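See structure below.
Whatever order the structure lists ligands and atoms in, that order sets their numbers, starting from 1. Numbers here simply count residues along the sequence, with the first being 1. Quick note: numbers below take in every heavy atom, side chains included, and nothing from hydrogens, waters or symmetry partners. Note that the structure is predicted; figures quoted are calculated from it, not measured.
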Amino acid sequence: MTQPSNPPVLTDRASSWLIVGAGALGQLFAAHLASQRAVTLLGRRDAPSTLGYLTAEGEQRRIALPRLRLRDWRPSPPPALVILATKAHDGEAALAELEPRLDPTTPLLLLQNGFRLQPRLTTCWPGPVLCASTTEAAYRPTSPSTSGEPAVDVVHAARGHTWIGDLAGEHAELAERIAETMNEAGLAASACADIRRRLWHKLAINAVINPLTARYRIPNGELAHPARQREVTALVGEISRLMAAEGIEPPEAGWMALVQRAIGNSAANQSSMLQDVLAGRPTERDAILGPLLEAAERHALDVPALRALYSSTPG
Ligand code: KPL
């Protein structure tokens with residue numbers, strides 16, 4: 001696609017923002033950002049043009065916004081921002097499908113878990129690539145409503161915070177503007193200069209909680225049980241050695257406290273990987289455990305607990 005003569009301005013309230021990926025996070029961001037921008041939500045399936053949203057405060061809302069299949073979307077107007085909210089393993093394919101219809105300078109905001117897509121797209125995408133690390137919790141209810149109430153597509157399970165930054169350290173101003181709009185839309189967000197560190201911290205949490213809860217089919221909180229603590233401790237020990245070797249600054253209270261706090265804070269949650277396993281979907285194993293195993297190779301570190309976890313986790 002050729003560059004438009006007047007590229008869309010992200011801060012213009014009339015500008016359109018495209019959200020690619022209609023999973024729980026994509027829907028949550030769409031539900032909020034639609035109050036501030038002309039949001040279009042793209043997914044793999046046909047969907048009605050309203051979104052049923054249950055807020056974190058228990059209020060049910062219906063939000064009007066175009067929801068289209070990826071292949072049906074036309075760039076008129078071209079988006080000022082593309083928020084890629086697919087699973088990590090679907091991100092490149094979704095972007096490749098859209099690429100012929102996008103101006104190559106369009107900024108991207110990546111919402112994926114792990115540390116796979118972020119460095120790849122930072123290198124490959126010609127426009128600015130922003131990465132987000134979020135603690136927002138949302139899920140899609142599995143059974144349709146039977147109460148006669150309009151169906152809820154997405155539930156905001158717990159309010160969190162989103163940090164936005166870029167790995168190249170070149171787009172601080174853009175990160176500020178996006179964070180500002182998210183705050184105006186009711187999602188707490190800040191721009192940050194250390195997004196790489198934040199992504200690896202989240203990865204440490206996901207590397208322990210997601211595969212273990214998927215293997216034992218338990219809610220996150222059950223990892224606090226003494227019977228599971230031996231595995232948690234072994235994994236956190238290996239992860240902390242890898243992080244030191246990679247030069248990732250540890251959290252103030254240490255890696256164990258970070259993981260235990262995440263287990264406590266999300267005690268009632270089903271991890272995203274358990275949800276994927278139960279739904280028969282591919283998991284984010286490679287985006288989450290892959291970068292750790294690659295770091296182990298790079299630094300010739302022995303990580304038997306992580307290797308065993310990788311082998312026992314469906315891909
Ligand atoms: O991010 C998560 C996930 O499930 O992917 C945690 C923090 C583990 C919460 O469930």
Quiz item: Using a 4.0 angstrom limit on heavy atoms, which residues are close to ligand 1?
Solution: Asn113, Lys202, Asn206, Ile209, Asn210, Asn220, Asn269, Ser271, Ser272
Self-check item: Interatomic spacing from CG in Leu95 to CG in Leu102 - rounded to 0.5 Å
Solution: 7.0 Å
Self-check item: Flag side-chain contact, heavy atom, 4.5 Å: Leu98 against Leu18
Solution: yes
Quiz item: Any idea how Tyr53 and His32 line up, ring-wise: parallel (<30°), tilted (30 to 60°), or perpendicular (>60°)?
Solution: perpendicular
Quiz prompt | N-O pairing of Asp153 and Arg140 below 4.0 Å | solution = no
Quiz prompt | Flag side-chain contact, heavy atom, 4.5 Å: Glu180 against Gln36 | solution = no
Quiz item: Within a strict 4.5 Å, meaning less than it, do heavy atoms of the Arg285 and Pro211 side chains meet?
Solution: no
